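Note that the coordinates shown come from a computational prediction; the quantities given were computed from them, not determined experimentally. Numbering of ligands and ligand atoms starts at 1, following listing order.
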Amino acid sequence: MQLIDGKSLSKKVQDYVKSEVEILKTEKNMVPGLAVVIVGDDPASHAYVSMKEKACKNVGFYSIAHKMPDTITQDEIINIIMMMNKNPHIHGILVQLPLPSHIDTNRLLEVINPVKDVDGFHAYNVGRMVSNLDSFVACTPLGVMKMFDEYEIELEGKDVVVVGASNIVGKPMASLLLNKNATVTVTHIHTKDLASHTRKADIVIVGVGVPSLIKEDMIKEGAIVIDIGINRLESGKLVGDVDFENVAPKCSYITPVPGGVGPMTIAMLLENTLHSAKQFGEKI
Ligand code: GUN
């Protein structure tokens, strides 16, 4: 069994982004800029946003966080996004999800200029990704693809089961795998017999937020297991969606939690923002 080390791969990507930022500063006199919009006081969302701000600072990006109370109206958030769309110092805009229930998430995401949509959630980018065209791609599934690449894990013809069908993880994950010619099954909360699918899979990718959902008897010998879940137990311990201790010995590769997919999400956000800034730089 080999661990897929997201922490060190993330560091490698961040070092690369940092060196590219230096070059952009010297050659184009430009600094990549990211705007983050966060609404409400969900502690987990605030923790993620703090990590994103810290990572931006670390690689030399300009970043601003618009932190709004959940009494804010949809129109007020739209105005902020439209200001960021026009701001020449901002190359990436990210609206932290989930949003409070009085906000229409899809409506907001569609206000973001697709060329600044570094989270890849705008329907324009989703459509292009599904069609296997150049696009911004959601950071978590993109981070998983980067891991496959780094560890030279071949996807063509593999049976892959994705557990979870959200717009931000499961669906884009399935599209990216399909683009690499994997045979993809997407399972979700209404799937009748989850284990009957996962047991046959060469690769299982799970991100649903249920601790220990994937158990030893649900995985075939030598499978690759990617755990996107991040759950905090009452004890304070951080765990994924996989019963790691019992599943790991059966796997050829597995991602740990923490230190697996989590750090890759931030690394991909930085890479997407750098890419956006470079595209703007080409237009100068
Ligand atoms: N909430 C959970 N994951 C994500 C993410 O990747 N991006 C944003 N914007 N919100 C999230």
List the closest protein heavy-atom neighbour of [atom]: residue, atom name, distance to the nearest 0.1 Å.
atom                    : value
atom 11 (C) of ligand 1 : Q96 NE2, 3.5 Å
atom 7 (N) of ligand 1  : D119 OD2, 3.1 Å
atom 2 (C) of ligand 1  : I168 CD1, 3.8 Å
atom 10 (N) of ligand 1 : L97 N, 3.0 Å

Point to revise | Pairwise side-chain contact, I203 with L177, heavy-atom cut-off 4.5 Å (strictly under) | key: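 Contact flag for I203/L177 side chains = no.
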
Point to revise | Sub-4.5 Å side-chain heavy-atom contact between L94 and L269 | key: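 Side-chain contact under 4.5 Å: yes.
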
Exercise for review: For the pair S10 and Q14, evaluate side chain to side chain donor-acceptor pair (under 3.5 Å) and give the outcome as yes or no after the intermediate values.
Suggested key: CA-CA 6 Å; S10 167; Q14 295 197 38; 3.2 Å; yes

Point to revise | Residues R199, E221: salt bridge by 4.0 Å N-O rule | key: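 Between E221 and R199 there is no salt bridge, as every charged N stays at least 4.0 Å from the carboxylate O atoms.
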
Review point. Any Lys/Arg nitrogen of E271 or K146 sitting under 4.0 Å from an Asp/Glu carboxylate oxygen of the other?
Key: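 Looking at K146 together with E271, the answer is yes, because their closest N to O distance falls below 4.0 Å.
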
Check your understanding: Which ligand 1 atoms does V95 reach within 4.0 Å, using its non-hydrogen atoms?
Key ->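 The atoms of ligand 1 under 4.0 Å from a heavy atom of V95 are 8 (C), 9 (N).
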
**Study point:** Distance filter under 4.0 Å to L94 heavy atoms, resulting ligand 1 atoms
**Key:**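 The list of qualifying atoms is 9 (N).
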
Point to revise | ligand 1-proximal atoms of F121, by part, heavy-atom distance under 4.0 Å | key: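 Contact part for F121 vs ligand 1: side chain (C-beta onward).
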
Practice item. Indicate if F244 and V163 have the same hydrophobic cluster label, given that clusters are the connected sets of ILVMFWY residues with side-chain heavy-atom separations under 4.5 angstrom. Key: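 F244 clusters together with V163.
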
Review point. Between P98 and ligand 1, does any nitrogen or oxygen pair lie at a separation below 3.5 Å?
Key: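 In fact, backbone or side chain, P98 has no N or O that close.
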
